[in-house]
Amino acid sequence: EDQVTQSPEALRLQEGESSSLNCSYTVSGLRGLFWYRQDPGKGPEFLFTLYSAGEEKEKERLKATLTKKESFLHITAPKPEDSATYLCAVQAGNYGQNFVFGPGTRLSVLP
Amino acid sequence: DGGITQSPKYLFRKEGQNVTLSCEQNLNHDAMYWYRQDPGQGLRLIYYSQIVNDFQKGDIAEGYSVSREKKESFPLTVTSAQKNPTAFYLCASRGTGNYNEQFFGPGTRLTVL
């Protein structure tokens, strides 16, 4: 069965304190791994897609990396506006029709 | 602007009542999805459609129904058979080919009174 877990469940950082969020997955036939940001009461906002081990993507203070078993979302010098829940999802299945989401990591960045 | 719209933003349902949540997209995407989000859980797939007039059940389809008569629209009906419908409902769409990302609407929060 395809599964996605995320850790930690919640993370509190001081402004400027860099850290990483983890997404571990077990899936047959990975087609892609996705990171989303979700603010309270809103729909997830797409951040990155990673397709193969060793791939990296960057956007402002965020950098996503992928290995064969997990992905990391590195946050460098975070600001309070980076506070949100970060969701990880994998796409699998013979036709790529299955998307499995992790429970998310709730990030709080304190000024 | 291209995007996905969901309405209403908030919806209240009485016991035994069917309600329909709207989802419209102008991204020209073929695939559309409905998810349910509960606190502390990942998004769970209710139904998805990869083409007009065709849809498949997801992991938690019981008590829900959908239709896909137009490419742009994928409404979700929450029936009285759904015993615990209070949740945040998210609609998403996805292009085909190399564009695999799902894009989400703003969501509808359904509360049973």
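Below, chain A is the first sequence line, B the second, and so on; all start at residue 1.
For a heavy-atom cut-off of 4.5 Å, chain A lies close to B:F88, B:L90 in residues 85-92 of chain B.
Atom CG of residue A:L73 and atom CZ of residue A:F48 lie 6.5 Å apart, to the nearest 0.5 angstrom.
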Stepwise ring-ring contact (aromatic ring centres under 6.0 Å, His included) test for B:Y33 and A:F99: CA-CA 10 Å; B:Y33 302 78; A:F99 287 80; 5.7 Å; yes

Evaluation steps, side-chain contact (heavy atoms from CB on, under 4.5 Å), between A:T49 and A:L33: CA-CA 6 Å; A:T49 304; A:L33 184 140; over 6 Å; no

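Contacts of A:Q38 with chain B are made by side-chain atoms alone, with heavy-atom separations under 4.5 Å and no backbone atom involved.
Ring geometry for B:Y35 versus A:F101: interplanar angle over 60°, hence perpendicular rather than tilted (30 to 60°).
At a cut-off of 3.5 Å, with distance as the only test, no side-chain donor of B:Q102 or B:N100 sits close to an acceptor on the other residue.
Checked against the 6.0 Å centroid threshold, B:F74 and B:Y48 do not count as a close aromatic pair.
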